[in-house]
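Along the sequence shown, residues carry numbers from 1. In each ligand, atom 1 is the first atom listed, and ligand 1 is the first ligand listed.
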Amino acid sequence: MPNEKSVSLPVRRIAIVGSGLSGLTAAILLQQQGHKVVVFEKSRGPGGRLAAKRVPGGSADIGAQYFTARNPDFLPFLRHYAGDSTFAPWQGEFGFRSVTGQWSPFPEEHRYVGTPRMTAITRALSHHLDVVPETRVKRFSRHGEQWTLYDTEDSSLGSFDQIILTAPPAQSRDLLMDSGLEAEAVMLEDYVAGILPCWAVAAHFNETPWEHHQGMRVEHPVLYWLANNSSKPDRKDEGEWWVLHADPAWSQSHVDTPPEQVAALLVEAFRDLVGFAEDPGEVIAHRWLYARSACDAQPGHLWFDEQQIGLAGDWLSGGRVEGAFDSASQLVQAMPSGA
Ligand SMILES: Cc1cc2nc3c(=O)[nH]c(=O)nc-3n(C[C@H](O)[C@H](O)[C@H](O)COP(=O)(O)OP(=O)(O)OC[C@H]3O[C@@H](n4cnc5c(N)ncnc54)[C@H](O)[C@@H]3O)c2cc1C
């Protein structure tokens, strides 16, 4: 169980931009301290890159594929706030294929997934919170000690004592810039450059295209990661849904290629790699403009004390699901209101 403490300082109104895992974690921890928290999310639902797309017969995880739990606080947090039934270990064979075609196993480690889809976790977390969906925060301006947030129509979203940004670095930088915080915005440039796009494709096959692994990281000019989504716990698909992620450099050079063309290229590369002739039935493609961070600097979080603005997100702490949790937890610890 996370360390629950009640607030001994004045109650603050805190706005959180983004309802991915880092935004939801920060919101829950701050609310637990007694603060009034509102989470603004530009999309229809919470989750961010912990994402699933509805497909015939179920859903396919098109963003994060699995997560680790090396931080001893992570699983207790999820169990307490999302519930045991929203995630489970993904058992299977995981292999790395080198450029020369040599296979080696992944290190022994517990790998977890949301059940029956990745978004089950973030949806359950969001039930504890005031999340305002379909609301893109465009800018904020200071009036005395308070910040007023505005949406894209320039309508006020309310006044707050503190703001936490959990959007990917390019979007956080633009928000700071549009709010006149140029010096803080410029500090994010290295992070912006360090995050690359990723094309994701989900393809349905009637037969098993490859039975030796459930998840594969491959060194390949087109492909990066291949997973049998139907092998994850609590999926009840007929046939198999496979998720194919393109190589980051390939994704970058095909960022404007039409989705149908990308889907065809990825499926062709996959069938070539595993030696499988069947055409998939359904195929869907999704482009992530900001996928995984490859930035060397990992400060954990950023806190601008004079402005009372904090930043959290995977890109500040390892670039993974667990990093999003770590970053948000560290920021909350570091905020004056969390002392
Ligand atoms: C293809 C892919 C594969 C991945 N595979 C793995 C994996 O296997 N294992 C792993 O651990 N990690 C993986 N990751 C990374 C993992 O998904 C992220 O580390 C994690 O989900 C990031 O969470 P976050 O809360 O920091 O950011 P996000 O999930 O990106 O959340 C940010 C939220 O902010 C919202 N937002 C942005 N701007 C605004 C605005 N102006 N106003 C309101 N809302 C806004 C967005 O809509 C989003 O919901 C993968 C990511 C991708 C894309």
A.B. asks: Would you tell me whether S327 and W315 have side-chain atoms, one donor and one acceptor, within less than 3.5 Å of each other?
C.D. replies: no
A.B. asks: Any atom of ligand 1 sitting under 4.0 Å from a heavy atom of G47?
C.D. replies: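 So G47 counts as touching ligand 1.
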A.B. asks: Just distances here: any N/O of V137 and N/O of ligand 1 closer than 3.5 Å?
C.D. replies: yes
A.B. asks: Out of curiosity, is T135 lining ligand 1, as in a heavy atom under 4.0 Å away?
C.D. replies: yes
A.B. asks: Does A200 reach ligand 1, in the sense of a heavy atom lying below 4.0 Å from it?
C.D. replies: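 Per 4.0 Å heavy-atom rule, A200 does not contact ligand 1.
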A.B. asks: Any heavy-atom pair between the side chains of Q307 and F140 that's under 4.5 Å?
C.D. replies: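 Sidechains of Q307 and F140: no contact.
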A.B. asks: Contact between ligand 1 and G63 is defined here as a heavy atom of the residue under 4.0 Å from a ligand atom; is it met?
C.D. replies: yes
A.B. asks: How close do S85 and T115 get, heavy atom to heavy atom, and via which atoms?
C.D. replies: O-OG1, 2.8 Å
A.B. asks: Are H212 and W103, when compared by the centres of their aromatic rings, separated by less than 6.0 Å?
C.D. replies: no
A.B. asks: If we only count N/O pairs under 3.5 Å, is P168 in contact with ligand 1?
C.D. replies: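 Between P168 and ligand 1 (N or O atoms, distance only) the closest approach is not under 3.5 Å.
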A.B. asks: Check whether the ring centres of F67 and F325 lie less than 6.0 Å apart, and answer yes or no.
C.D. replies: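 Ring centroids of F67 and F325 are no less than 6.0 Å from each other.
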A.B. asks: Heavy-atom distance to atom 10 (C) of ligand 1: which of Y66, F40, W288 wins?
C.D. replies: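 The residue whose heavy atom sits nearest atom 10 (C) of ligand 1 is Y66.
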